[in-house]
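Note sheet for the following structure.
In what follows, chains are A, B, ... by sequence order, proteins preceding strands, each numbered from 1. Computed over heavy atoms, backbone and side chain alike; hydrogens, waters and symmetry mates excluded.
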2 protein chains.
Amino acid sequence: MATPHLRSGEMTNLIAPDEQFLMLPAHALFKDTHLEVIHMNLAEGKSLPSHQVNGPITIQCLSGDLQVGLEAGNKTMRADDLLYLAADLPHAMLAVTNASFLVTIVLLKTVAR
Amino acid sequence: MATPHLRSGEMTNLIAPDEQFLMLPAHALFKDTHLEVIHMNLAEGKSLPSHQVNGPITIQCLSGDLQVGLEAGNKTMRADDLLYLAADLPHAMLAVTNASFLVTIVLLKTVAR
């Protein structure tokens, strides 16, 4: 199902998004040439294997308990925690409880090529 | 006063930051080559004149009522509202009540030059 993206100058509420988005594991709020913000929902016990992206990112926990696995150890994030990860830093995720979080990614692909 | 920045892999809580930061009008949570996240506090009635940056940004209201002035009109943001602005879009800000918000900026200077 196609989901609408924010256009420049538009806003959304992070805690009370459209109900349809609560059913989606991931929904891009918008994707700009250099910036993408994704709202993710991970059910309790679900995980994302370790991966990395070529730009810096932030992960912001909106609700639930989210464990982020880094080479330096695990971080357990709760609502309103913001984590900064430099480009190319491997990270895995595990939803300790149902977790909702925002991932903000700087897109550098067009820069590097 | 110098304030510590998050290093890659470190996190902070957006709602309960160190008390010292609540006294500051602006505090960079971190500044990466391509990404900066700034926590701003604006007292009721205070404003920032219209300005623009050369990369895309998001503004996320953490608390209070924040009016963002765009050429297309004003947006009033409340807690957990996220606004996306494309690069070079002029925007002004007015704190309708004491307002705390996060500004996420993609830094493209090093790309363009």
Chain B contact via [X] - which portion, at a heavy-atom distance below 4.5 Å:
| X | answer |
| --- | --- |
| A:L70 | side chain |
| A:F30 | side chain |
| A:E71 | neither |
| A:L85 | both |

Quick one: [atom1] on [X] to [atom2] on [Y], what's the gap to the nearest 0.5 Å?
| X | Y | atom1 | atom2 | value |
| --- | --- | --- | --- | --- |
| B:Q60 | A:Q60 | CD | CD | 4.0 Å |
| A:M11 | B:I59 | CE | CD1 | 10.5 Å |
| A:Y84 | B:L35 | OH | CG | 7.5 Å |
| B:D32 | A:I57 | CG | CD1 | 11.0 Å |
| B:L83 | A:S8 | CG | OG | 8.0 Å |

Among the clusters formed by ILVMFWY side chains lying less than 4.5 Å apart, do [X] and [Y] turn up in the same one?
| X | Y | value |
| --- | --- | --- |
| A:L107 | A:V103 | yes |
| B:L102 | B:L94 | no |
| A:L89 | A:L48 | yes |

**OP:** Among A:G9, A:A86, A:G73, single out the residue with the greatest number of heavy-atom pairs under 4.5 Å to chain B.
**Re:** A:G9
Subject >> A:D80 side chain to B:N13 side chain, donor-acceptor N/O pair below 3.5 angstrom >> reply: no
Original post:
So which part of B:V37 gets closer than 4.5 Å to some heavy atom of chain A, the side chain, the backbone, both or neither?
Top reply: side chain
Subject >> Proximal component of B:L82, with respect to chain A [non-hydrogen, under 4.5 Å] >> reply: both
